[in-house]
Every structure is written in structure tokens, then in C-alpha cells.
Protein chains: 2
Amino acid sequence: MVAERAGVSTATVSLVANGKASGRVSASNEILVREAIRELGYVVDSIGSSLARGVSNTVIMVAPDISNPFFAMVIAGVRAALGSEYQLLLSVTDAGQLPSAENTRRLLGLRPAGLLVDAPDPTFLQELSAPGPMVLLDAPGFGSDVPAVNLDVAQGALAIAAHLSATGHTTVAYLDGDTGTTTFDVRREAFLTAAEELGMSVPPEAQIATTINVGLAANAFATAWPSWKKAGVTAVVCATDTHAYGILQEARAAGILIPGELAVTGFDDLPYSTTSSPGLTSVHLPGELLGRRAAEQLLSLIAGEELEQQPITLESSLMVRGSTLEP
Amino acid sequence: MVAERAGVSTATVSLVANGKASGRVSASNEILVREAIRELGYVVDSIGSSLARGVSNTVIMVAPDISNPFFAMVIAGVRAALGSEYQLLLSVTDAGQLPSAENTRRLLGLRPAGLLVDAPDPTFLQELSAPGPMVLLDAPGFGSDVPAVNLDVAQGALAIAAHLSATGHTTVAYLDGDTGTTTFDVRREAFLTAAEELGMSVPPEAQIATTINVGLAANAFATAWPSWKKAGVTAVVCATDTHAYGILQEARAAGILIPGELAVTGFDDLPYSTTSSPGLTSVHLPGELLGRRAAEQLLSLIAGEELEQQPITLESSLMVRGSTLEP
DNA sequence: CTGAAAGCGCTTACAG
DNA sequence: CTGAAAGCGCTTACAG
């Protein structure tokens, strides 16, 4: 360690570099060390530090679906809560893949101070052992024994059902995501249940699923539309805004009137949903808050505190726009 | 190291765990070790490994602007080229911040096998010393001595100018990004130069800049439009599609006809540009290829190979849609 | 083919 | 207040 060329032992340097000098290092030595550090441009090697300490100062966030602009909001929230003490590193899964235990275990080798896992695979917890501080995001159905921050998407699904019912729809279609994310199951089941209670029908042939991709959603819709039309479908509920954009696009190309012939709704309330034509009725999900709360929980965990009341659930709200309501 | 409870020395275990056993470990011992590894669920501690070896098997990508869906394509390309040998970790800068040398230096403590830096600050290289394998993405103007993969945005800017000129525009506005990214400078300068050569004017008051955000772009446009109109502006060139969406949104709200009263163009060719109404004329940038080529270069660097011909520049192309052309 | 040993760069009791 | 020393979990020459 070069820094000690300025007179003292590595122990003293370590104390100063880690801000643990007060009361344990003489003022004169501290100054000497600081000067040496500056002159040599020394940066604590976090590998060595992590090895000695047992943990790194890295928080790793595992997430699928980074292409979703919604995700950027979540990240912003995480960063805001984490501050500068911890370094946030993102581990992205391949497109359409959920974070797996296998994957995450490799990350554990980096000795993260904590783990944030977004939309994990349902079997995730059973497979991953000895995790250390970990908070799940957007992971409904993992029970109350594991720290998690969820979005109340069911509430949003109910709001959609109520809104469609109130605007006179009786037969609706459902365009699902096919990534297997649990939140999609919750969205769908909540909607189907509410729809049934409200007397709306969702014919089996009007329940399809595609990857979260505008083009693929457009294609799927183009193929399905004739049979939907025959079945009397007048509205389609999409699992994400991205799916809905596909429908908007295809509908324009095919001359299908939105919302006259077909009303369309989404989930996420992405920025583009205000811009699209017509504007997209969508369930607004508080992404920034989701990230912030999850990071706060993780910080508590890292500090060794007990968490109360799990999981935390964040409310959603329906933004009604032109895709379901004639201006 | 618990794994050696199955009979051999740590050296032997290390050899097996790293796949260096062939010819150096007896078959019987190898089997023993593999069994022990499986039974104990042993994972090589990458911290210890990295410390001993000098480098980790982590490739760190530093990037701003993760909210840009374009970025997801870049990531996909990087992952595809990197394969499974290296773990990709993303370090995101705060919104509107470029990757700084300061920031990156901290990351170096993790001993990455290599660094991928997207849209760095212009002073980046001077400030960052002793980098190890590193490839820049989308970093025009860093000279030919540093490995980089760039997008030929200037070419796209020329295409826009030519297209607008050909469709009869003589006075145009420019809505820039204000993050200081070099690529924005290149886009703007290339366009302004080409516009001048083609006899189009871009009045000073019609050159404004905002953050990459639909809402902010919309506001800026709303404020600027009266004076633009007075100056005879009939087209606006936006530094990103996101800016353009803001204009589309505000124009619809204000009843400004696109492209009749105002033609609009963007850069990036995001998926939503096909969906928007009207479709957005935009410069298509090959994001997936950008990521792939950059990762390939990095892999060569890590393998100790010499790179030829730097920087690599990827071609762009103009996608003409309804925002500049009446159907 | 195999194991004992040194060493990677740090941190943290522990003596002094 | 300070330094010598042990130890974090690995890898890699080096003897045998």
C-alpha cells in the first residue's frame, strides 16, 4: 500500500481513509495521511476492503424488463433513497426472463450489502438460500415473511372493470403479457373476477398474451380482431401500456375507430400514454415511490433493524383518457 | 473453504472449480471435488477470487439516460456479445448527468474485467487514468487513440436537412437536449451546417434546449411557438424522439396541424415513433449493433488483442413518416 | 498428480 | 495514539 510512504502504518491509513480517525489517530498523522492520499490519488480497493470486511458497499438490483420506461422511474427512486454511501449496480436479465435464483446466486459472490429484486420468478425464494438483506419489488404472492414493496395492481384492475362497465361495455378482451411475471397474473385475475361480478363477459378466444413489445402486440391483435369483433368485443384491457400501443398502432392502420369501435386500456401510465392519439386510459403506478420505499426498507435491513408490516403495498389509480372516452 | 471436506487441498478444489483440472487433477479426485461442490452448493467467492487474480469477471457499463428505451437495445447487444463468461453490471448516473471520471474511478475498485462507457463527459478521458480495458460508446470527438463505437448521427442530421429542404421548408427550428452529451452537439452542428448549405435558415430564437422529457419539451414548445410562427418556422428538428413527442402532444392540445403547419423530426427511432399520430419521422440508430460491437471490442481488449481502426462508426438512416409528409 | 505456502489489498482486534 | 499481526477466500507458482 503505497499511501504509507507518508510515514505511518497501514492500520493508520485505513482508519483515516474510512473516516474512523477521530480519537484514534493524532491530528498531525491524519493530516500527513490525507496529504499522501491526495498526492497519490489513492482509492481504497473495494475488493480488498470487501474481503476483509465481509461485505461490499454495493447494492445490487436484479431486474427484468429494463426496456420499460417505468423501470427508469423505479431506479430513480432507488438511487434517491440509497444516497451516496452505497453504489447501485443493476443486473439485467435477458429479455423476457425473470430474475432467477441461479442468476442471483452468482451475484452473491460480489458480497453485496443488499439485494433488490424486481419481479422475481415465483420459485425464487425456495431456490435462493441465505440471502442476507434483500427486498423484493413488485412481487405479489411471496407471503408476508419476506420484505417486499408491491403495487396494488388489483385495485387498478378493478377500476378498469368499473370504468368499462360504467361506459357501457359488456364484452371485453384481455391482452396479457407472457413473461410469467406474477403481477400480470394478479392484474388478469383481478380484472376477470371484477368483470364477471359486473356482468361483463371475457370470451376465452378474447384472452391472448404476447411479449411486451409494440410490434408483436400489434400483430397478435391484427390476427385476433376478426374473431373478437364477431364475439361482440368492444373493449380490450392490456396488461401493459406497451401492449396497448400495439393495438393503437394496428387500429390506426386498419381503420378501427378508438374508442368508437374499440376502447383500449393499459397499465403503467407511461409518459407516452399522454402523447398517444388518442391518449391511453391507463392505471398509474407510482414507480419512483416503489423504488424509494424498497431502498429504504433495504437500508433498514442492512442497518440490522426489524421491519414492520410486510409487504408494503402502494396504491394505484386509473387515468382516464381518450382511448376509452369520446372527448 | 468447506468444499475440501471432501478429501483434497484447496488448490485442487480451485483447479476443478475453475475448469483447469484437465491434466492436472486425477479423474477420481475431480469427481470427488465435483460431488462435494454439488452437495455443499458451493459458489466460488468472486471477491476472494478477484483479489487473488487481480481482476474480476465483471464488465461494468456506465451509462446516463437509462430511461431512454434506446438504451435497452444497446444493453441487449452488449449482453449478446458478452455471453455468459462475464457478468454485466450497469452503473447508472443520475438523471441528466453524464458519466464522470470521479464516478467511474470508484467503480474501478470493483476491478472490472473491462469498462463500457456510454456518452461520457468530454473531459472524461483526461481525468481518468490507468483505465484497463475500456470501450466508449456514442462518444464522438474522443479521438482515434481510444477504442470507441460511434453512431453516425451527422449523416442522419444531413438526411433530415435534405428531406426538409426537399419538402419545401425554408425556416426551421431546433429543439436540442441540454444534457451536454457530445452526440447532441454533433447532431445540431451537422444539421445547422447542412441547413445553411441548403439555404434554410434557423433563427436564433428558434434554437432552444430542454431535458429529455416529454412534458418539459411540450412546455418549452408551447412557450416558443408564437415567436417561431412569427419568424415563419414551418418545421422543427428535435435532438431526440422524446423531445418530438412533447411537440406532438402540445401541438394536438393547441390544435397545431402536423405536418401541415409544422413538420417534426426526431432522432433514435424509438418504437413509439411508429405508433404516434402522426408517425414520427426520425433518424434510425442501430442500438443493438452499437452494444454488440462495443462489447466485442472490449472482449478483444480483455484478451489482450490489438484493435484496428478506431473509432468504429455505425451508419444511421432516416425513417420518413407522417410528421413530415402528408399521407 | 498433489499439497504447503505465499500473496492479493484491506480491516480489526490486540499489545504496547 | 500507533504498529505488528492475523485473517478475509481465493489462486498460482513451486516442491515433491
Side-chain angles (χ1 to χ4, degrees), chain A residues 1-37 40-58 85 87 105-113 130 132 302, chain B residues 1-37 40-58 85 87 105-113 130 132 302:
Chain A
M1 192 161 147
V2 227
E4 42 184 316
R5 284 190 188 163
V8 298
S9 74
T10 62
T12 305
V13 172
S14 178
L15 254 17
V16 174
N18 288 297
K20 296 179 182 172
S22 75
R24 308 216 250 151
V25 175
S26 66
S28 58
N29 264 347
E30 187 172 349
I31 291 179
L32 251 32
V33 172
R34 289 203 186 284
E35 267 177 7
I37 288 181
L40 278 59
Y42 171 71
V43 181
V44 177
D45 182 295
S46 61
I47 296 275
S49 171
S50 299
L51 187 56
R53 216 193 311 238
V55 283
S56 69
N57 65 337
T58 296
E85 193 185 349
Q87 181 112 35
R105 200 175 291 122
R106 286 183 59 191
L107 259 17
L108 254 26
L110 290 173
R111 308 259 195 96
I302 292 174
Chain B
M1 193 161 144
V2 226
E4 40 185 316
R5 285 192 186 160
V8 298
S9 73
T10 61
T12 305
V13 173
S14 177
L15 254 18
V16 174
N18 289 297
K20 296 179 182 172
S22 75
R24 307 215 248 149
V25 176
S26 67
S28 58
N29 263 347
E30 186 171 348
I31 292 178
L32 250 33
V33 172
R34 289 202 186 287
E35 269 177 5
I37 288 181
L40 279 59
Y42 172 71
V43 181
V44 177
D45 182 295
S46 60
I47 296 275
S49 170
S50 300
L51 186 58
R53 216 194 309 240
V55 284
S56 69
N57 66 337
T58 296
E85 192 184 350
Q87 180 112 36
R105 201 175 292 125
R106 286 183 59 190
L107 260 17
L108 255 25
L110 290 172
R111 307 260 194 97
I302 293 174

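To find a chain, count down the sequence lines: A is the first, B the second, and so on, and within it residues start at 1. Computation of the quantities below employed the complete heavy-atom set of this structure, encompassing side-chain atoms and omitting hydrogens, waters and symmetry-equivalent molecules.
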Chemist: Round to a whole Å and report the spacing from CG of B/Asp45 to P of D/dG7.
Modeler: 18 Å
Chemist: Check the distance between D/dG9's C1' and A/Ile47's CD1 and give it to me in whole angstrom.
Modeler: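 One finds 12 Å between C1' of D/dG9 and CD1 of A/Ile47, rounded.
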Chemist: D/dT12 phosphate, OP1 or OP2: any side-chain N/O from B/Lys20 under 4.0 angstrom?
Modeler: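 Yes, within the criterion.
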Chemist: Below 3.5 Å is the cut-off: list the nitrogen or oxygen pairs between protein and nucleotides 2-6 of chain C, distance only.
Modeler:
{"residue": "C/dT2", "atom": "OP1", "partner": "B/Ser26", "partner atom": "OG", "Å": "2.7"}
{"residue": "C/dT2", "atom": "OP1", "partner": "B/Asn29", "partner atom": "ND2", "Å": "2.3"}
{"residue": "C/dT2", "atom": "OP2", "partner": "B/Ser26", "partner atom": "N", "Å": "2.7"}
{"residue": "C/dT2", "atom": "OP2", "partner": "B/Ser26", "partner atom": "OG", "Å": "3.2"}
{"residue": "C/dT2", "atom": "OP2", "partner": "B/Asn29", "partner atom": "ND2", "Å": "3.2"}
{"residue": "C/dG3", "atom": "OP2", "partner": "B/Ser9", "partner atom": "N", "Å": "3.2"}
{"residue": "C/dG3", "atom": "OP2", "partner": "B/Ser9", "partner atom": "OG", "Å": "3.4"}
{"residue": "C/dG3", "atom": "OP2", "partner": "B/Thr12", "partner atom": "OG1", "Å": "3.1"}

Chemist: My understanding is that only residues two or more places apart in sequence, or in another chain, count here; which of them pass side chain to side chain contact (heavy atoms under 4.5 Å, CB included) with A/Ile47?
Modeler: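 In terms of side chain to side chain contact (heavy atoms under 4.5 Å, CB included), with neighbours along the sequence ignored, A/Ile47 is linked to A/Asp45, B/Ile47, B/Ser50, B/Leu51, B/Arg111.
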Chemist: A/Thr12: what forms a side-chain hydrogen bond (donor to acceptor under 3.5 Å, both in side chains) with it, not counting sequence neighbours?
Modeler: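 A/Thr12 satisfies side-chain hydrogen bond (donor to acceptor under 3.5 Å, both in side chains) with A/Ser9 once adjacent residues are dropped.
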Chemist: Determine whether B/Val8 and B/Leu32 make a side-chain contact, defined as any pair of heavy atoms from C-beta on separated by less than 4.5 Å.
Modeler: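 A side-chain contact under 4.5 Å is absent here.
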Chemist: Under 4.0 Å between a side-chain N or O of B/Ser49 and OP1 or OP2 of D/dG9?
Modeler: no
Chemist: Just to be sure I follow the notation: if a pair is Watson-Crick (purine N1 to pyrimidine N3 plus N6-O4 or O6-N4) or a G-U wobble (N1-O2 and O6-N3), each under 3.5 Å, what dot-bracket string does DNA chain C give, with | for pairs to another strand?
Modeler: |||.||||||||.|||
Chemist: State the NZ-OG distance between B/Lys20 and B/Ser14, to the nearest 0.5 angstrom.
Modeler: 7.0 Å
Chemist: Just how far, in rounded Å, is P of C/dG9 from CG of A/Asn57?
Modeler: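 The distance from CG of A/Asn57 to P of C/dG9 comes to 19 Å, rounded to the nearest Å.
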Chemist: Rounded to whole Å, how long is the line connecting atom CZ of B/Arg111 with atom P of D/dT11?
Modeler: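 Rounded to the whole Å, the gap is 14 Å.
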Chemist: Hey, can you pull the donor-acceptor pairs under 3.5 Å for the side chains in residues 24-31 of chain A, sequence neighbours left out?
Modeler:
{"residue": "A/Ser26", "atom": "OG", "partner": "A/Ser28", "partner atom": "OG", "Å": "3.4"}
{"residue": "A/Ser26", "atom": "OG", "partner": "A/Asn29", "partner atom": "N", "Å": "3.3"}
{"residue": "A/Glu30", "atom": "OE2", "partner": "A/Arg34", "partner atom": "NE", "Å": "3.4"}
{"residue": "A/Glu30", "atom": "OE2", "partner": "A/Arg34", "partner atom": "NH2", "Å": "2.9"}

Chemist: Between A/Asn18 (CG) and C/dT12 (C1'), how many Å, whole number?
Modeler: 11 Å
Chemist: Who are the side-chain hydrogen bond (donor to acceptor under 3.5 Å, both in side chains) partners of A/Ser49, not counting sequence neighbours?
Modeler: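 side-chain hydrogen bond (donor to acceptor under 3.5 Å, both in side chains) check on A/Ser49 returns A/Arg53.
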Chemist: Let me spell it out: for each of B/Leu51 and A/Arg53, pick the nucleotide of DNA chain C with the closest heavy atom. Which residue's pick is nearer the 5' end?
Modeler: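 Looking at the nearest nucleotide for each, B/Leu51 comes out on the 5' side.
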Chemist: Grab the two heavy atoms, one from B/Ile302 and one from B/Ala113, that are nearest each other, plus how far apart they are.
Modeler: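 Looking at all heavy atoms of both residues, the closest pair is CG1-O, 3.5 Å.
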Chemist: Which pair of non-hydrogen atoms, one from B/Val55 and one from B/Pro112, has the smallest distance, and what is that distance?
Modeler: CG1-O, 4.4 Å
